[in-house]
Amino acid sequence: MRSYETDLLIVGAGPFGLAIAAQASHAGIDHLVVGRPMEFWKQNMPQGMYLRSRCDWHLDPVNIHTIERFLETRGQTSHDVEPLSLECYLQYADWFQTQKQITTLPSHIQRLDHTTNFVATTADGDTIVSQHVALAPGFKHFANIPHEIRSRLPEGRYTHTCEFTDFSSAADKRYLIIGGRQSAFEWAALLLEAGARAVYVSHRHDTPAFAESDWSWVNPLVDGMADNPSWFRRLSKTEKDEVSRKLWAEGRLKLEPWLAPRVAGNRVKALPNTELVDSVERDGELVVTLSNKEEIVCDKVVFATGYKVDISRVPVLASGNILPQLETHNGFPVLDDHLQTCVPGLFITSMPAVQDFGPFFGFTIAVRVSAKLICEAIKARSRTTE
């Protein structure tokens, strides 16, 4: 067992955590990253997956070690790699860590407490004392399986997309996917390519169109938050809803065009404006009844129902004395303009920041501005204590 002392403990080594580490180094902040780099991306995303983001959604707050620069080292351009594959993005993340000399403590924080300082205990029994903590939780903690639908299914017959990433046994199987956005149709494509006999996609809305999304308007808004972090929170509810609707239209009302040919054919069937109302196991098979009275015989139900933030589900917060101190609203932590919670020195970013900073924080486009805001606040707090 080892003991560490640091100015900033970064919990999580995904895109948000890596960006914070890079900015902390740039700002001269002593820090320690705990986590296995890109673990959620490696374990909870399937091989063959493509990202919706383009190459300009890179990790570097100072815009040096970008995806474009990474591609240059391989003699490639963004045109050669878009749509951006998961494999390529992970290769970029590895290169980024090397260029920024980011090392991590490859463990998990098992307990986090706060009195004068923060005291964290890892799963390996190491102790870390830190003045600040930046928490960048992975989406896995927030996987959303609607209770009313789950209650209509027998245990063991359903899973969530973030837990279902190994398709090696999919051959000749039949799947019902609940959900109708990008992940639903991409899982359908991957299952078909793995040899599934049939894939049904049930959703309570019209099937989105296969059309290219326009993200160009998002970059200026998010990058501008570095100088105006309260921009989103100061909007009226109507204005916030309008921004969210605009992002929703690009991210949820469209399916990437490169998916269309992959889900064509008679082995996949979209079932718009339907929902699961009942199910029964019969002769080893699962028979599902939909709201349109159609019966689907399948081997497994896959929930492509996204994620819903409930900060109490993050183990590192629930295991120590932090959670009772934390001010929350609608399951989200209440954050100030620099992503700091009501617990002095505790910062939370990634999807839990959506409520105060807008829907962009559910995407990697927000990693750079997140890192800048957090490190700026830490530098300011350090100056006041000198």
Side-chain angles (χ1 to χ4, degrees), residues 10 12-29 31 33 35-104 106 134 136 138 182 186 212-227 250-251 254 256-259 262 349-350 360-376:
I10 302 170
F16 281 87
L18 294 178
I20 296 168
Q23 183 66 11
S25 291
H26 179 71
I29 299 171
H31 62 281
V33 185
R36 295 178 174 87
M38 302 298 288
E39 182 176 43
F40 177 81
W41 293 67
K42 293 175 180 177
Q43 294 187 1
N44 299 96
M45 296 185 186
Q47 292 183 3
M49 177 180 168
Y50 287 89
L51 278 61
R52 305 203 71 180
S53 56
R54 305 296 186 259
C55 288
D56 56 348
W57 290 20
H58 63 85
L59 297 173
D60 193 359
V62 295
N63 297 313
I64 296 174
H65 297 108
T66 64
I67 297 178
E68 286 89 349
R69 179 70 189 102
F70 164 67
L71 294 175
E72 285 177 15
T73 67
R74 308 202 311 183
Q76 295 177 306
T77 68
S78 58
H79 178 75
D80 298 321
V81 300
E82 289 180 349
L84 190 59
S85 69
L86 173 64
E87 179 185 15
C88 183
Y89 190 75
L90 289 174
Q91 290 170 350
Y92 161 65
D94 286 343
W95 176 84
F96 179 80
Q97 292 168 69
T98 300
Q99 300 306 306
K100 296 297 188 185
Q101 299 181 340
I102 298 172
T103 59
T104 74
Q182 177 73 15
E186 186 156 15
E212 188 170 347
S213 297
D214 175 18
W215 304 105
S216 62
W217 60 278
V218 179
N219 288 353
L221 286 180
V222 176
D223 290 341
M225 286 185 177
D227 298 318
E250 298 301 330
K254 295 179 180 179
E256 294 294 336
W258 43 261
L259 263 181
R262 296 172 60 192
T349 187
S350 185
F360 324 103
F361 274 67
F363 299 85
T364 58
I365 194 172
V367 302
R368 301 188 302 273
V369 71
S370 162
K372 290 178 181 178
L373 292 174
I374 290 172
C375 290
E376 184 180 89

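The structure places CG of Leu90 at 6.5 Å from NZ of Lys42, a figure rounded to the nearest 0.5 Å. In this structure, the separation between CD on Glu212 and CD on Glu250 is 10.0 Å, given to the nearest 0.5 Å. Interatomic distance, CG of Leu59 versus CD1 of Ile20, reported as 11.5 Å (0.5 Å rounding). We find the CD-CG distance between Glu39 and Asn44 to be 8.0 Å, quoted to the nearest 0.5 Å. Taking CG of Leu51 as the start and CE of Met49 as the end, the distance is 5.5 Å to the nearest 0.5 Å.
Looking at His65, Gln76, Gln91, His58 one by one, the single match for side chain to side chain contact (heavy atoms under 4.5 Å, CB included) with Phe70 turns out to be Gln91. Of the candidates Val62, Leu18, Ile374, Val62 is the only one forming a side chain to side chain contact (heavy atoms under 4.5 Å, CB included) with Gln23. Just one residue in the list Lys100, Gln99, His26 forms a side-chain hydrogen bond (donor to acceptor under 3.5 Å, both in side chains) with Asp60, and that residue is Lys100.
At a threshold of 4.5 Å between non-hydrogen side-chain atoms, the residues Arg52 and Ser213 count as touching. The side-chain heavy atoms of Trp95 and Arg69, taken from C-beta on, include a pair separated by under 4.5 Å. The shortest side-chain heavy-atom distance between Leu84 and Ile67 falls under the 4.5 Å cut-off. Residues Asp80 and Leu71 form no side-chain contact, since every pair of their non-hydrogen atoms from C-beta on lies 4.5 Å or further apart. At a threshold of 4.5 Å between non-hydrogen side-chain atoms, the residues Phe360 and Val369 do not count as touching. For the pair Gln97/Pro37, a side-chain contact is recorded, criterion being any heavy-atom separation below 4.5 Å from C-beta on. Using a 4.5 Å heavy-atom cutoff, the side chains of Ser370 and Phe361 are in contact. Contact of the Ser78 side chain with the Arg54 side chain is not registered, since no non-hydrogen atoms from C-beta on lie closer than 4.5 Å.
Not a single donor-acceptor pair under 3.5 Å links the side chain of Thr349 to the backbone N or O of Ala136. Of the possible donor and acceptor atoms, none in the side chain of Glu256 sits under 3.5 Å from a partner among the backbone N and O of Gln182. At least one donor-acceptor pair under 3.5 Å links the side chain of His31 to the backbone N or O of Ile29. Judged purely by atom type and a 3.5 angstrom limit, Arg368 has no side-chain atom pairing as donor or acceptor with the backbone of Asp223.
For Arg74 against Cys88, the heavy-atom pair with the smallest separation is NH2-SG, 3.8 Å. The two residues Ile102 and Ala22 make their nearest non-hydrogen contact at CD1-N, 4.1 Å. Across every non-hydrogen atom of Thr104 and Gly35, the tightest pair is OG1-O, 3.0 Å. In this structure, Cys375 and Ala24 approach most closely via the heavy-atom pair SG-N, 3.6 Å. Listed here is the closest heavy atom pair of Val33 and Gly12: CG1-O, 3.9 Å. For the residue pair Pro46 and Leu86, the shortest heavy atom distance occurs at O-CD2, 3.4 Å.
Around CD of Gln47, the count of heavy atoms belonging to other residues, nucleotides or ligands within 6.0 Å does not exceed 12. No more than 12 heavy atoms of other residues, nucleotides or ligands sit less than 6.0 Å from atom OH of Tyr50.
The aromatic rings of Trp57 and Trp215 sit perpendicular, their planes meeting at an angle over 60°, well past the 30° parallel limit.
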